[in-house]
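Below is one structure; the comments refer to it alone.
Only heavy atoms go into these numbers, but all of them, side chains included; no hydrogens, no water, no symmetry mates. In each ligand, atom 1 is the first atom listed, and ligand 1 is the first ligand listed.
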Amino acid sequence: MTTIFNVEDFSEIAKDVISGEDLPPSHPAVHEKFNAAMKNIPGFSRGWMEVRGALEADGYALLKVEKLNVLPLGFIRDLAILLTHQIGTPNPAGVFREAAGALIPSSAIAVDVRPRRSGNRHDPSTVDGAAPLHTDSSFSLKPERYFGLWCVNPAETGGESVLIDSREVVGELRKLSGGERCIDILSNCNLPLWMESKSMPVRILTEPGSSRAIVRFHESRIARGIIDKELPDSDPRVQALCLFMKILSSERFSRVVPLDRDEVLFIDNHRMIHGRRDFSDRNRHMLRIRMT
Ligand SMILES: O=C(O)CCC(=O)C(=O)O
Ligand SMILES: [Fe+2]
């Protein structure tokens, strides 16, 4: 389901913020002005109700913030963070930023997803190409519930999001011979997840089928973790993972979602597994905001 959300005459609001008092991005007065302007946008509350409804029903929602890109990037960040509060509480992420050729650790709420010179191929937000199927913060016991991908500039071709609903995967498993055992293993045993220098345990399914269900997954990090721990193919956890992966790789359960400029994709990170199709355009630029 696609929810289109129009911000009427957004450029008028933007003009006021940008030229009115020459305010820099992140200035509290910018936030105040945006907040005040939003209240006057027709259909604002109803639009967000639709977005939250789609997120609840489908595990993801697509939103269009018309003319978002008339704003300079700093103000897009501000507005994206403010609008994110309509879904959840934005969560700062530890990131590295490049300054004078060095990587400096910092904390950011709106994280750039953009290929860069210092990119790390294990972190899809820093490189071009396809991203493996995963859930965000799969290493964490309590991954963020939602995240939003804000499209500043789409790739010329490719880079679409791929979404798989873990509820459908569990439903399909229940129909297959050996499927109940697979669910049992994945929800009671840990698999190794490779984190740069060592593996750590990850439980792929938590309380599947319940309202507290959480899926945690990372295709390439778990594959690397299995090598690290030298788990044989005969290990029941490896066999359960293979059956799970077989369903993930069946196109029947994949939704391909292209994101255009000014569009935002919200994803329920406890329910949906996501990936990204291949792209090579180094000007592709998204902002990612995770929420608790
Ligand atoms: O680039 C994208 O579309 C998604 C990137 C992603 O999944 C991530 O940074 O965790
Ligand atoms: Fe991701």
Side-chain angles (χ1 to χ4, degrees), residues 55 59-64 68 73 76-77 80 84 87-88 90-98 106-116 118-140 142-166 193-196 202 204 214-224 248 254-292:
L55 200 48
Y60 70 99
L62 202 54
L63 167 80
K64 179 150 185 154
L68 178 66
L73 184 60
I76 293 182
R77 276 181 211 285
T84 292
I87 304 286
N91 199 25
V95 292
F96 288 90
R97 71 185 164 81
E98 220 179 330
S106 66
S107 170
I109 292 178
V111 172
D112 290 300
V113 175
R114 183 167 51 179
R116 60 201 76 165
S118 54
N120 164 4
R121 69 186 174 83
H122 291 295
D123 179 354
S125 64
T126 63
V127 290
D128 59 3
L133 289 173
H134 67 283
T135 55
D136 277 15
S137 306
S138 46
F139 52 84
S140 164
K142 190 109 185 61
E144 292 86 352
R145 174 70 197 270
Y146 302 110
F147 67 92
L149 275 179
W150 299 72
C151 182
V152 178
N153 194 40
E156 264 180 12
T157 54
E160 300 91 345
S161 293
V162 179
L163 304 179
I164 299 178
D165 188 343
S166 64
L193 178 88
W194 180 253
M195 290 302 294
E196 264 54 84
V202 65
I204 294 183
I214 301 180
V215 61
R216 283 187 202 99
F217 186 69
H218 199 297
E219 192 179 359
S220 55
R221 288 185 187 277
I222 292 175
R224 177 75 174 77
L248 292 191
S254 297
R255 287 174 191 77
V256 176
V257 182
L259 264 192
D260 213 345
R261 186 171 287 113
D262 296 343
E263 287 182 345
V264 193
L265 176 62
F266 292 109
I267 297 178
D268 183 338
N269 187 49
H270 285 184
R271 171 172 166 187
M272 308 299 279
I273 295 169
H274 67 281
R276 176 180 75 204
R277 283 191 161 174
D278 190 27
F279 75 98
S280 58
D281 180 354
R282 299 189 69 79
N283 291 319
R284 181 184 188 269
H285 188 188
M286 310 276 162
L287 296 177
R288 187 191 67 214
I289 303 179
R290 294 183 180 143
M291 290 156 257
T292 48

How many degrees, to 10°, between His134 NE2 and His274 NE2 as seen from the Fe ion (ligand 2)? 90°

In sequence, state the C-alpha distance, the side-chain angles, and the governing distance for His285 and Leu73, and then conclude on side-chain contact (heavy atoms from CB on, under 4.5 Å). CA-CA 11 Å; His285 188 188; Leu73 184 60; 3.7 Å; yes

Looking at Asp136, the N/O/S atom that lies nearest to the Fe ion (ligand 2) is called OD1

Check each heavy atom of [X] against ligand 1 and say whether those closer than 4.0 Å belong to the side chain, the backbone, both or neither.
X      : value
Met286 : neither
Arg284 : side chain
Asp123 : neither
Leu149 : side chain

Could you check whether any side-chain heavy atom of Asp112 comes within less than 4.5 Å of a side-chain heavy atom of Arg77, counting everything from C-beta outward? yes

Are Asp281 and Thr157 close enough that some pair of their side-chain heavy atoms sits under 4.5 Å apart? no

Between His274 and ligand 1, is there a nitrogen or oxygen pair with a distance under 3.5 Å? yes

Checking the N or O distance criterion of under 3.5 Å, is ligand 1 in contact with His134? yes

Is the backbone N or O of Phe147 less than 3.5 Å from a side-chain atom of Asn269, with the two atoms forming a donor-acceptor pair by type? no

Do you know which of Thr135, Asp165, Val215 makes side chain to side chain contact (heavy atoms under 4.5 Å, CB included) with Met272? Asp165

Can Asp128 and Arg276 be counted as an ion pair, charged N to O under 4.0 angstrom? no

Charged N-O contact under 4.0 Å between Arg282 and Glu156: no

Closest non-hydrogen protein atom to atom 9 (O) of ligand 1, residue and atom name please, with distance? Arg288 NH1, 2.9 Å

Do me a favour and list the nearest non-hydrogen protein atom to atom 1 (O) of ligand 1 with residue, atom name and distance? Arg276 NH1, 2.7 Å

Counting from 1, what ligand 1 atoms have a heavy atom of [X] closer than 4.0 Å?
X      : result
Ser125 : 9 (O)
Val113 : 1 (O)
Asp136 : 10 (O)

Would you say the side-chain atoms of Arg261 and Asn153 include a donor-acceptor pair closer than 3.5 Å? yes

Between Asp136 and His274, is there a side-chain donor-acceptor contact under 3.5 Å, judged purely by atom types and distance? yes

